[in-house]
Protein chains: 2
Amino acid sequence: MSETVKVLLADDQALVRGALAALLALEPDLEVVAEVGRGDEVVDAARRSGAQVCLLDIEMPGIDGIAAAAAVRDELPGVRTLVVTTFGRPGYLRRALEAGASGFVVKDTPARQLAEAVRRVHAGLRVVDPSLATESLVDGANPLTEREREVLRVALRGGTVAAIAGQVHLSAGTVRNHLSAAIGKTGTSTRAEAARVAQERGWL
Amino acid sequence: MSETVKVLLADDQALVRGALAALLALEPDLEVVAEVGRGDEVVDAARRSGAQVCLLDIEMPGIDGIAAAAAVRDELPGVRTLVVTTFGRPGYLRRALEAGASGFVVKDTPARQLAEAVRRVHAGLRVVDPSLATESLVDGANPLTEREREVLRVALRGGTVAAIAGQVHLSAGTVRNHLSAAIGKTGTSTRAEAARVAQERGWL
DNA sequence: GCCTGCCCGTGACAGGTGTCATGGCAGCCC
DNA sequence: GGGCTGCCATGACACCTGTCACGGGCAGGC
């Protein structure tokens, strides 16, 4: 059982990816066997390389790290996933765990803890950033309904209600109602704020 | 002249910082002599450690990497700075060069090129991401006036015109005028969009 | 069956927003 | 000085927004 742990790295920023590889290469019991820059390449690369643990950034082109974790869970049982992200948004944590991720680490944790997190995940343990575990509880579940999320996602890019209504194929009045509900639920006063807050909380 | 180049690392994400340190440690001619997580600690740490090249992330608490580069230029002549950032926004490049940075590298450049960039900067050369150099020219200069930028920065956080007017100590009507001008100059139709676009272009 | 919750739509209303015209003030350059 | 530009402010106008009240439809749970 003293063989090395095979790790796959997924991050869209080549520099960060390479740096993380260098960091993990310092550990004699870890081996980086694959590196990808897109979420939709994770499953293929993991299968080909025989990776045992996948380190996934959330922000990636193709599909994001959370969706990639779900894909790995569905198609490669036995392969563990560890989500590493810039933003410690509580909603991300919840969604990552729902997607079957075994671990969730924020990018401002000390570098030395990363290797340890990989080992724990490989051992079947669950690794969760402690600062987020508590926040996640007080934040509670997503109060937004499906339509409200859809409208908010479009509203994130800006534009008038009419423009949003066109993209969602609803009437302008309905869009205003959904936005009004979202504004109420986020405790804000404009739809721009509501969209920003909702995104920060991982509600979209 | 075959001595090692002393490098300071500044990035708010500890994991990335450690990973970059590991990456640079692979190069025998480079030596990481200091690591900081805040922009306002750069000058002190560089002075103490005798760093010759400072690797600065832009997004940092305290002061950002661009302001830190300006501070290094003013207080530590002879010390070169290399700005490394996630977003390849043309405005960032221009501002970084104005702040006296000797190099500008985006985080999705290949990991191997980082060490080479550090060497070139230390040798007195200027290193600029080629994909940005052209974009920077077509984008042109910042068309926004000082007041417009100020109002937009506040508008970025959302809120009504009255709230913005209060924070900027102007009348609501004037704020509307500035916002209207900014909307025109950004080619958008709402102030939320204008603020977003302006920030993406590094105009704020 | 009834009730609840979510969805979609309409209409109306107060207030916010974006645009424009106008004026005054300061600084700068020819 | 005259012209120009940027800044601040005011007022007016049409339009957009956020809110509320009201319907109707559809699913799930008691």
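Each chain gets a letter, A, B and so on, in the order the sequences are listed, and its residues count up from 1. Every value quoted in this text rests on a predicted model; they were computed, and no experiment measured them. All heavy atoms count here, side chains included; hydrogens, waters and symmetry mates do not.
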Worksheet entry | side-chain contact (heavy atoms from CB on, under 4.5 Å) involving A195(A) - partner list, sequence neighbours excluded | L152(A), L156(A)
Worksheet entry | Axis bend over the full length of the helix from dG1(C)-dC30(D) to dC30(C)-dG1(D), computed from five pairs that close each end, to 10 degrees | 20°
Worksheet entry | Interface residues of residues 160-171 of chain A with DNA chain C (non-hydrogen, below 4.0 angstrom) | L170(A), S171(A)
Item to complete: Check whether the side chains of T4(A) and E31(A) place a donor and an acceptor atom closer than 3.5 Å, and report yes or no.
Response: yes
Can you give me every donor-acceptor pair (side chain of residues 65-76 of chain B, partner residue at least two apart or in another chain, under 3.5 Å) with its distance?
{"unit_1": "R73(B)", "atom_1": "NH1", "unit_2": "E98(B)", "atom_2": "O", "d": "3.1"}

Discussion item. For K185(A), give me all partners under salt bridge (charged side-chain N to carboxylate O under 4.0 Å, His left out), at least two apart in sequence or on another chain.
Written reply: E148(A)
Worksheet item: Of the non-hydrogen atoms in F104(B) and L82(B), which two are nearest, and what is the gap between them?
Response: N-CD1, 3.8 Å
Practice prompt. Could you tell me which residues satisfy salt bridge (charged side-chain N to carboxylate O under 4.0 Å, His left out) with E150(A), sequence neighbours excluded, listed by chain and number?
Written response: R147(A)
Practice prompt. Using whole Å, report how far CD of E193(A) lies from P of dG16(C).
Written response: 14 Å
Practice prompt. Ignoring backbone atoms, establish whether R191(A) has a side-chain N or O less than 4.0 Å from OP1 or OP2 of dT17(D).
Written response: yes
Are there any protein N/O atoms within less than 3.5 Å of an N/O atom in nucleotides 3-5 of chain C, and if so, which ones and at what distance?
none

Item to complete: Assess whether atom CZ of R153(B) is packed by more than 12 heavy atoms of other residues, nucleotides or ligands within 6.0 Å.
Response: yes
Practice prompt. Go through residues 172-179 of chain A and report each residue with a non-hydrogen atom lying under 4.0 Å from DNA chain D, sorted by number.
Written response: R176(A), N177(A)
Worksheet entry | Qualifying residues under side-chain contact (heavy atoms from CB on, under 4.5 Å), relative to E41(A), sequence neighbours excluded | V36(A), R38(A)
Worksheet, complete the sentence: Taken in chain and number order and not counting sequence neighbours, the residues that satisfy side chain to side chain donor-acceptor pair (under 3.5 Å) with S180(B) are none
Worksheet item: Separation of I183(A) atom CD1 from dG15(C) atom C1', in whole Å?
Response: 14 Å
Practice prompt. Would you kindly give the NZ-to-C1' distance between K185(B) and dC7(D), to the nearest whole Å?
Written response: 11 Å
Practice prompt. For E146(A) and dA27(D), give me the distance from atom CD to atom C1', rounded to whole Å.
Written response: 16 Å
Worksheet item: Any donor and acceptor pair, going by atom type alone, linking the side chain of E193(B) with main-chain N or O of T188(B) inside 3.5 Å?
Response: no
Worksheet item: Can you tell me how far P of dC6(C) sits from CZ of R149(A), to the nearest Å?
Response: 11 Å
Worksheet entry | CG-CZ distance between L170(B) and R176(B), expressed to the nearest 0.5 angstrom | 13.0 Å
Show the atom names and distances, to 0.1 Å, of all donor-acceptor pairs under 3.5 Å that link a side chain in residues 160-168 of chain A to residues at least two apart or in another chain.
{"unit_1": "T160(A)", "atom_1": "OG1", "unit_2": "A162(A)", "atom_2": "N", "d": "3.3"}
{"unit_1": "T160(A)", "atom_1": "OG1", "unit_2": "A163(A)", "atom_2": "N", "d": "3.3"}
{"unit_1": "Q167(A)", "atom_1": "OE1", "unit_2": "R157(A)", "atom_2": "NH2", "d": "2.7"}

Worksheet item: Given dT19(C), is OP1 or OP2 found less than 4.0 Å from the side-chain N or O atoms of S180(B)?
Response: yes
Response to the item:
The side chain to side chain contact (heavy atoms under 4.5 Å, CB included) partner of L55(B) among T81(B), V121(B), L114(B), L8(B) is L114(B)
Worksheet item: Does R147(A) put a side-chain nitrogen or oxygen below 4.0 Å from OP1 or OP2 of dC8(C)?
Response: yes
Pairs of donor and acceptor atoms involving the side chains of residues 11-18 of chain A, under 3.5 Å and at least two apart or interchain, shall be tabulated with distances.
{"unit_1": "D11(A)", "atom_1": "OD1", "unit_2": "Q13(A)", "atom_2": "N", "d": "2.9"}
{"unit_1": "D11(A)", "atom_1": "OD2", "unit_2": "K107(A)", "atom_2": "NZ", "d": "3.3"}
{"unit_1": "R17(A)", "atom_1": "NH1", "unit_2": "D11(A)", "atom_2": "O", "d": "2.8"}

Discussion item. Rounded to whole Å, please give me the gap between CG in L152(A) and C1' in dG18(D).
Written reply: 14 Å
